[in-house]
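Structure first, commentary second.
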Amino acid sequence: MRNRVEELVCTGERINSVWSGRSLRNEYHIDHCLPFAYWPNNDRWNLFPASAKENLTKSDRLPSARRLHDSRERIIDWWELAWGGDSQKERFFTEASLSLPNLPFQCRDFEAVFEAMGLQIRGVKSRLLVSEW
């Protein structure tokens, strides 16, 4: 994931935090949307650029429904930027279809992945009683 961020930066892309929209300069973290401590998954759809402060504040909590809703466009924009190219897209959607609920294998829609991710977040929260951020 860090390599992908660096590749994008080298091509002149501006990388923003998916949580706040703030531009990330040299110091950024890679955040697991669903915390690795509760759901060990390093799939591309689960990894987001965030500020160090946001990631450390979030810690092992799940994004609240409100935060997820407010970040929807930024998350989908990140996925399209990072994984929307032909060489990256297939792996992104394969990982998503294998690990997210109600997502058919042939899915190639970032919006559908976002909806399935939301279902997974709600499921992890209800089953494991993980607190929200």
Write down the atom of Val113, the atom of Cys107, and the distance for their closest heavy-atom approach.
CG2-SG, 4.5 Å
Pairwise distance OG1(Thr94) to CD(Glu90) - rounded to 0.5 angstrom:
4.5 Å
Nearest atoms (heavy-atom pairs only) where Leu47 meets Ile30:
CB-CG2, 3.9 Å
Heavy-atom count check: over 12 atoms from other residues, nucleotides or ligands less than 6.0 Å from Glu7 CD?
yes
When you compare the side chains of Asn55 and His32, does any donor N or O come within less than 3.5 Å of an acceptor on the partner?
no
To the nearest 0.5 Å, what is the distance between CH2 on Trp19 and CZ on Arg74?
9.0 Å
Can you confirm whether more than 12 heavy atoms, excluding those of Arg22, are under 6.0 Å from its CZ atom?
no
Drop me the distance from Glu6's CD to Ile15's CD1, to the nearest 0.5 angstrom.
9.0 Å
Student check: side-chain heavy atoms of Trp39 and Val130 closer than 4.5 Å
no
Determine whether a donor-acceptor pair (N or O, by modelled atom type, separation under 3.5 Å) exists between the side chain of Asp43 and the backbone of Trp45.
no
Without swapping roles, check the side chain of Glu54 against the backbone of Ser51 for a donor-acceptor pair under 3.5 Å.
yes
Heavy-atom closest contact (Gly84 atom, Phe110 atom, distance)
CA-CZ, 4.0 Å
Are Met117 and Leu128 joined in one hydrophobic group, where the rule is that I, L, V, M, F, W and Y side chains link up if heavy atoms are under 4.5 Å apart?
yes
Can a donor-acceptor pair be found, under 3.5 Å and without considering hydrogens, that links the side chain of Ser126 to the backbone of Gly123?
yes
Does Lys58, at its NZ atom, have more than 12 non-hydrogen atoms belonging to other residues, nucleotides or ligands within less than 6.0 Å?
yes
Using a 4.5 Å cut-off on heavy atoms from C-beta on, say whether the side chain of Asp31 contacts that of His29.
no
Closest contact, heavy atoms only, Ala50 versus Ser17
CA-OG, 3.8 Å
Taking NZ, NE, NH1 and NH2 as the nitrogens, is one of them in Arg72 or Glu115 under 4.0 Å from a carboxylate oxygen of the other?
yes
Rounded to the nearest 0.5 Å, how far apart are CD1 of Ile121 and CG of Leu34?
5.0 Å
Between the main-chain N or O of Pro35 and the side-chain N or O of Asp60, is there a donor-acceptor pair closer than 3.5 Å?
no
Sub-3.5 Å donor-acceptor pair from the side chain of Arg44 to the main-chain atoms of Glu95, do we have one?
no
With rounding to the nearest 0.5 Å, note down the distance linking CD1 in Ile75 to CD in Glu111.
11.0 Å
Looking at Asn41, is its backbone amide N or carbonyl O close enough to the side chain of Asn46 to form a donor-acceptor pair, meaning the two atoms are under 3.5 Å apart?
yes
How close do Cys33 and Leu62 get, heavy atom to heavy atom, and via which atoms?
O-CD2, 4.2 Å
Judged by atom type as modelled, is there a donor-acceptor pair below 3.5 Å linking the side chain of Ser71 to the main-chain atoms of Leu68?
no
Least distance between heavy atoms, Ser97 atom then Pro104 atom:
CB-O, 3.7 Å
Step by step, work out the ring-ring contact (aromatic ring centres under 6.0 Å, His included) result for Phe48 and Trp78.
CA-CA 8 Å; Phe48 299 139; Trp78 163 249; 7.9 Å; no
Look only at the side chain of Arg108 and the backbone of Phe93, and say whether a donor-acceptor pair between them is shorter than 3.5 Å.
no
